[in-house]
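As structure tokens, the structure follows; a few thoughts come after it.
Quantities reported herein were computed from a predicted structural model and do not represent experimental measurements. We name chains A, B, ... by the order of the sequence lines, and we start the count at 1 in each one.
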Amino acid sequence: MSLEEWQRRLEAIAPELIAELSEHKEPAKGLPPLEGVEGGVVMRFAPNPNGPPTLGSARGIIVNSEYVKKYGGRFLLRFDDTDPVKKRPMPEAYRWYIEDCEWLGAKPDQIIVASDRMPYYYQAAEELILAGGAYVCSCEQAAFKELKDKGIFCPHRDQSPEEAMSLWAKMLSGELQEGQAVLRVRTDMSHKDPAIRDWAAFRIVTAPHPMVGSKYRAWPLLDFESAVEDHLLGTTHILRGKDLADSERRQRYVYDYLGWIYPKVVHWGRIKIHQFGSFSTSKLRKAIEAGEYCGWNDPRVPTVRAMECRGIRPEALRKFMVDLGVGETDISISMDSIYAENRRLVDPAANRYFFVWDPVKLQIEGDVPEVAKAPLHPTSDRGFREIPAGNEVLVCNNDLEGLKPGDRIRLKDLCNIEFVSMEPLKARYVGTEVESSKGKKMKIIHWAPVNGLPIRVMGPEKTDEGIGEAGIASELGKVVQFERYGFAKINCLGEPIVACFAHR
RNA sequence: GCUCCGGUAGUGUAGUCCGGCCAAUCAUGCCGGCCUUUCGAGCCGGCGACUCGGGUUCGAAUCCCGACCGGAGCACCA
């Protein structure tokens, strides 16, 4: 039977199969779909404000807000600042998160600060106690762990709700001291996963909290605070790191006791960045306090502010994070993709300038034009910059490597020269026509006027000092391209002008 | 020790739920060419992967079992 015959027979027997075959599976674009999104979603990003957002935070901010954009609903920024000591919040960091969210194009619809909402947690704790879901445990931490590992009940576990309630009151009143008691959720001491067994919901911390001082002495732990908040806020979907993968199974006990409905959860793996290695906010904070970096926006640091400072566009970050998706695999990414994305955005907009690093003076005999006219952009017609030239200019020292007297090169947008001597550095003018340089495939280098502006370019790997043309001073806050060097953002017009390097 | 999760090119990613459109997608990277008064941009071409072993099946990246590798949790941290 021929192919055509088969085709015809199939059409006769099962036309729906043909239709299915010809229907192409659309390649999935963007983020994977979420379940149960009818009526919109409520999603939150919940950091501890103990430093500014990092690239890791950016992923959380962007992906959460992207889903809200996709399905409609509300994007919440919630500060889980319930540890006044070990993860001590920084008062400035609250503002930093809000600013960076907005900069990333993810302005929160609501901002929640956990330390402001303690009464809710106390109320939930009491409901939980009354429902028989929690007890006050005064075991020593290590002793409890031992029991827990063996799956044995601790002596406090059989408390009645009334007993638990009166002990809870003592936690709040100050009759019980720090370390003497915790409120525990009654789960299942024989649960096969020890991580789930009777976890602590509240502990006593007497140190003042940076935001609310000594107003409270019983502080909820993350799993409890977050469980209550997600219910209160009507969170529909939670995006959570794999490190918190146990939270759902723990928090479900609270939800079940109180008759709440648990949100849908998606996990994602850890993210590491080649160029920055592994970093943590607390590690960064230490290094910055020690003066190793000049602040949270130092170009060597993986914070969102540092990206902004370097001229990375929020759109580049968004595109990148959306492309990463939400896999549970741990990933190790490279900044290269972000740079490529950003270059696409920034290249059409950035004016071109000459910046000469490691400058050396070059004397040129002859009729060198007094001023060069160079386009601000190679392809879009944005006019010209005028650069004073003359018989003395500056060039990069490393462009001289391998050159000898008699060699000819072209100074871009100026003229062609022939080297007369390398030490001292002298050359002579041999014409201005581009054509003669082109035909001979002459090397083309850039240069700077001797009375140019001192420039410092700080980058993630190194800092370069040199001289640039005067027009750079009119680009404050903008990204420019230093020809044959890379893109940088002009951040400060002092002496020197300070720019941050973005990428090549 | 107990528990959970994951393994597609150098790096990410699509496909895995519902096995045949997959001799496996896209991006980035790398290599070569063209173009360009920048080592930038653009254009063209190329490189490169289903962790391994069994099983089920006419057919497996996709389902099952095992191994190996990697990550995470078992805090009075978030």
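- B/A49 and B/C35: their C1' atoms are spaced 33 Å apart (whole Å).
- For A/Lys86 against B/C77, no side-chain N or O and base N or O form a donor-acceptor pair under 3.5 Å.
- Here A/Thr329 lies in heavy-atom contact (under 4.0 Å) with sugar-phosphate atoms only.
- Classification of A/Lys87 and A/Asp80 as a salt-bridged pair fails, no side-chain N sitting under 4.0 Å from a carboxylate O.
- Note on A/Ser226: nothing from the nucleic acid sits closer than 4.0 angstrom, heavy atoms only.
- When each of B/A75, B/A78, B/G73 is scored by its nearest atom to the side-chain atoms of A/Lys87, the top-ranked nucleotide is B/A78.
- Nearest to the side-chain atoms of A/Arg270 among the listed nucleotides B/U37, B/A72, B/U28 stands B/A72.
- Taking atom CE on A/Met189 and atom P on B/C74, their separation rounds to 15 Å, with Å as the unit.
- The side chain of A/Asp413 approaches B/U37 more closely than any other nucleotide in the set B/G40, B/U37, B/C77.
- Spacing between atom CZ of A/Arg250 and atom P of B/A78 amounts to 11 Å, rounded to whole angstrom units.
- A/Asp193 comes within 4.0 angstrom of a base, heavy atoms only.
- Comparing B/U28, B/A78, B/C76 by their nearest atom to the side chain of A/Ser337 picks out B/U28.
- When each of B/G73, B/A78, B/U38 is scored by its nearest atom to the side-chain atoms of A/Ile444, the top-ranked nucleotide is B/U38.
- Contact annotation for A/Gly325: no contact, since no heavy-atom pair falls under 4.0 Å across all strands.
- Residue A/Arg203 places at least one side-chain N or O under 4.0 Å from the OP1 or OP2 atom of B/A78.
- Atom CH2 of A/Trp357 is separated from atom P of B/U38 by 14 Å (rounded to the nearest Å).
- Nucleotides B/C76 and B/A14, compared at atom P, are 36 Å apart to the nearest Å.
- The shortest distance between the side-chain N/O atoms of A/Lys148 and the OP1/OP2 oxygens of B/A75 is below 4.0 Å.
- The A/Leu324 side chain lies nearest to B/G12 when the options are B/G12, B/C77, B/C76.
- Going from atom CZ of A/Arg352 over to atom P of B/U38 covers 11 Å, rounded to whole Å.
- To the nearest whole angstrom, the two P atoms, one in B/U16 and one in B/C21, are 13 Å apart.
- Contact annotation: A/Lys192 reaches the phosphate of B/C4 (side-chain N/O to OP1 or OP2, under 4.0 Å).
- Base engagement by A/Leu222 is indicated by at least one non-hydrogen atom pair under 4.0 Å involving a base atom.
- Comparing B/C63 with B/G1, their C1' atoms sit 33 Å apart, to the nearest whole Å.
- Taking atom P in both B/G33 and B/G40, the straight-line distance is 14 Å, to the nearest Å.
- Classification of A/Arg203 and A/Asp83 as a salt-bridged pair holds, one side-chain N sitting under 4.0 Å from a carboxylate O.
- Note that A/Arg504 lies outside the cation-pi zone of A/Tyr339, set by a 6.0 Å cut-off to the ring centre and a 45° limit from the axis.
- Residue contacts for A/Asp243: at a heavy-atom cut-off of 4.0 Å it reaches a base atom on one of the strands shown.
- Helical stems of RNA chain B (runs of at least 3 Watson-Crick or G-U pairs, donor-acceptor distances under 3.5 Å) are listed by first residue: B:1-7 with B:68-74, B:10-12 with B:26-28, B:29-34 with B:42-47, B:51-55 with B:63-67.
- Using cut-offs of 30° and 60° for the angle between ring planes, the A/Trp219 and A/His209 rings count as parallel.
- Among B/U3, B/U11, B/C76, the nucleotide with an atom closest to any side-chain atom of A/Leu221 is B/C76.
- Residue A/Lys412 places its side chain closer to B/U38 than to any other of B/C77, B/G12, B/U38.
- Nucleic acid contact for A/Ala245: none, since no nucleic acid atom lies under 4.0 Å from a heavy atom of the residue.
- Considering only side-chain N and O atoms, A/Gln141 lies under 4.0 angstrom from the phosphate OP1 or OP2 of B/C76.
- Going from atom CD of A/Gln481 over to atom C1' of B/U36 covers 13 Å, rounded to whole Å.
- Among the atoms of the strands shown, only primed sugar atoms or phosphate atoms (P, OP1, OP2) are found under 4.0 Å from some heavy atom of A/Glu328.
- Backbone-only contact: A/Phe487 has heavy atoms under 4.0 Å from sugar-phosphate atoms and none from a base.
- OP1 or OP2 of B/G40 has not a single side-chain nitrogen or oxygen of A/Arg343 nearer than 4.0 Å.
- Across all strands, A/Leu244 comes closer than 4.0 Å to base atoms (heavy-atom distances).
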inquiry  = Please determine whether salt bridge (Lys or Arg N to Asp or Glu O under 4.0 Å) holds for the pair A/Glu66 and A/Lys70, giving the CA-CA distance in whole Å, both sets of side-chain angles, and the decisive distance to 0.1 Å.
reply    = CA-CA 6 Å; A/Glu66 200 69 32; A/Lys70 181 171 173 183; over 6 Å; no
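- Of the P atoms belonging to B/C52 and B/A60, the separation is 15 Å, rounded to the nearest Å.
- Across the protein-nucleic acid pair, A/Arg344 atom CZ and B/A41 atom C1' stand 11 Å apart, rounded to whole Å.
- A gap of 37 Å separates the P atoms of B/A75 and B/C18, to the nearest Å.
- A distance of about 13 Å separates the P atoms of B/C17 and B/G7, rounded to the whole Å.
- By the 4.0 Å N-to-carboxylate-O rule, A/Glu225 lies close enough to A/Arg78 to be salt-bridged with it.
- Look at CG on A/Asn342: it is 19 Å from P on B/A27, rounded to the nearest Å.
- A/Asp198 comes within 4.0 angstrom of nothing in the nucleic acid, heavy atoms only.
- Under the 4.0 Å criterion applied to side-chain N and carboxylate O atoms, A/Glu341 and A/Arg344 are assigned as salt-bridge partners.
- Contacts of A/Cys415 with the nucleic acid, taken as non-hydrogen atoms under 4.0 Å apart, are absent.
- When heavy atoms are screened at a 4.0 angstrom cut-off, A/Pro348 is found touching no nucleic acid atom at all.
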task = Given side chain to side chain contact (heavy atoms under 4.5 Å, CB included), test A/Ile472 with A/Phe482 step by step and report yes or no.
result = CA-CA 10 Å; A/Ile472 295 166; A/Phe482 292 136; 3.6 Å; yes
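- In this structure, A/His209 atom NE2 and B/C77 atom P are separated by 13 Å, rounded to whole Å.
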